[in-house]
Amino acid sequence: MAKALFIIMAFQCLGGLIVTSLGLLFPGPLCGMLLLLTYLMLSGGPEKELNTAGDALVAHLGLLFVPAGVSVISFGDEIIGNLLPLAIAIPVSTALAVAAAGLAASASASGRSVGRAVVEESSQP
Amino acid sequence: MGPFWTDILFWLPATLGVFWLASAFYKRSGQSPLANPTFLSIAAIAALLLLTGVPYETYSDSVSILNYLLGTAVVALAIPLHRNLRRLRGDWRILSAALLLGSATSILAGTLIADQLGAATAITLSIAPKSATAAVSMEIGQLIGGLAPVTACLTIMTGVTGAVLGPLVLTGLGIAQAEARGLALGTVSHGIATARAFSESELTGCWALVAMCLNTILTAILAPLVAALLF
């Protein structure tokens with residue numbers, strides 16, 4: 001387990017260092033994820049131990065996120081002051097985006113099944 | 001020395017205990033997205049902090065290990081992403097079409113609707129990264145001039161609404177293929193809808209997971225662009 005955690009945390013550290021030293025507008029852990037992905041592709045995939053540790057961490061994302069979510073108690077006023085725009089923008093944009101992504105995927109999928117024809121979104125039911 | 005809840009050692013086990021109870025409730029509810037354990041735990045801990053009058057800083061110091069491990073878990077997403085990219089035999093075109101349209105629609109529709117309805121600029125910017133997985137969306141929100149905790153909260157809302165409404169929208173549009181459904185759910189509503197996608201089928205879930213990871217990267221690129229160009 002120590003080796004697996006070492007690998008993941010070393011990439012976390014490296015990702016953070018790269019982002020800060022280059023002054024990038026990019027999240028450090030995400031940079032670490034891209035580095036780990038590259039490492040996995042080059043090394044031919046994770047060992048069993050790394051798989052187990054990675055899956056355990058990912059399975060607990062919901063728990064690990066709780067403290068960050070709780071910080072919203074300091075911003076109650078901002079949320080209440082903008083409640084109406086938020087209550088409309090979030091569900092409407094979410095439903096629109098699911099529809100757009102789903103239509104785009106099924107349009108390009110049916111494009112594939114009929115050969116190389118370009119199928120536009122409007123041809124979908 | 002104050003009561004036990006002011007002790008630095010109290011809040012870490014309290015958080016784990018609350019999450020454990022919330023997870024049990026989530027399982028009992030038949031894994032309804034409305035009973036999302038993260039959302040329930042945040043609400044319960046926030047209520048406990050307000051009741052006991054413990055400042056967020058005290059809480060945050062006590063659970064800082066979880067914040068650190070949150071970053072570790074984001075890095076670890078590369079492992080299931082790598083596994084699923086290898087296993088799934090998909091078409092690069094379908095994947096990129098769904099990702100680009102889903103991601104751009106979420107960012108643009110979210111920010112433009114809120115802006116038109118008169119939301120404050122910091123709030124509008126907090127909305128932009130809401131389709132990325134919460135741990136990362138929060139950081140993107142901060143980077144582009146939004147409020148990280150607000151982004152965190154809105155991201156969870158996006159996950160819950162996408163997990164509840166998403167399957168209905170897709171069915172209403174006659175989209176039945178596992179690949180398209182998984183890609184749409186994972187792109188727009190990250191982990192919460194990915195859990196929902198796994199309850200439809202293993203294949204739907206795997207596509208959702210790939211879409212969630214890739215859209216998190218895409219949002220980190222698109223949200224700052226939209227923020228710079230429009231607001």
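These numbers were taken from a predicted model, which means no experiment stands behind them. Numbered from 1 within each chain, the chains take letters A, B, ... in sequence-line order.
With a threshold of 4.5 angstrom between heavy atoms, B:S60 does not approach chain A through any atom at all. At a 4.5 Å heavy-atom cutoff, the contact between B:Y68 and chain A is made by backbone and side-chain atoms alike. Using a 4.5 Å cut-off between heavy atoms, B:V75 touches chain A through backbone and side chain atoms alike. Heavy atoms of B:L147 lying under 4.5 Å from chain A belong exclusively to its side chain. Contacts between B:I156 and chain A at a heavy-atom distance below 4.5 Å involve the side chain alone, from C-beta outward. In this structure, the portions of B:L77 lying under 4.5 Å from any heavy atom of chain A include both its backbone and its side chain. The parts of A:L50 that come within reach of chain B are both its backbone and its side chain, each placing non-hydrogen atoms under 4.5 angstrom from that chain. Residue contact with chain A, scored on non-hydrogen atoms closer than 4.5 Å, involves the side chain of B:I127 exclusively. With a 4.5 Å cut-off on non-hydrogen atoms, B:L49 touches chain A through its side chain but not through its backbone. Contact of A:I8 with chain B is made through backbone and side chain together, with heavy-atom distances under 4.5 Å. Only the side chain of B:M138 has a heavy atom closer than 4.5 Å to any heavy atom of chain A.
A distance of 6.5 Å separates OG of A:S74 from CD of B:E57, quoted to the nearest 0.5 Å. With rounding to the nearest 0.5 angstrom, the CG atom of B:L143 is 10.0 Å from the CZ atom of A:F26.
By number of non-hydrogen pairs under 4.5 angstrom with chain A, the leading residue of B:P37, B:A134, B:S103 is B:A134. The most heavy-atom pairs under 4.5 Å with chain A, out of B:A119, B:A148, B:A122, come from B:A119. Each of B:T133, B:V150, B:V188, B:L170 has some count of heavy-atom pairs under 4.5 Å with chain A, and the biggest count is that of B:V188. Per-residue heavy-atom pair counts under 4.5 Å with chain A were compared for B:N36, B:I42, B:T38, and the maximum is reached by B:I42. With respect to chain A, the highest number of heavy-atom pairs below 4.5 Å among B:V63, B:N67, B:I221, B:L154 belongs to B:L154. Contact count versus chain A (heavy atoms, under 4.5 Å) is highest, among B:L70, B:V74, B:L16, B:I192, for B:L70.
Counting only distance, with no hydrogens or angles, the side chain of B:T105 and the backbone of A:A97 share no donor-acceptor pair below 3.5 Å. At least one donor-acceptor pair under 3.5 Å links the side chain of A:N82 to the backbone N or O of B:A120.
Heavy-atom minimum distance, B:H82 versus A:P46: ND1-CD, 3.8 Å. Scanning all heavy atoms of the two residues, the minimum distance from A:L96 to B:A109 falls at CD1-CB, 4.2 Å. Contact between B:V136 and A:P27 at its shortest, heavy atoms only, is CG1-CG, 3.6 Å.
Using a 4.5 Å cut-off on side-chain heavy atoms (C-beta onward), B:I113 and A:P85 make no contact. Counting only heavy atoms from C-beta outward, the side chains of B:L165 and A:V98 never approach each other to under 4.5 Å.
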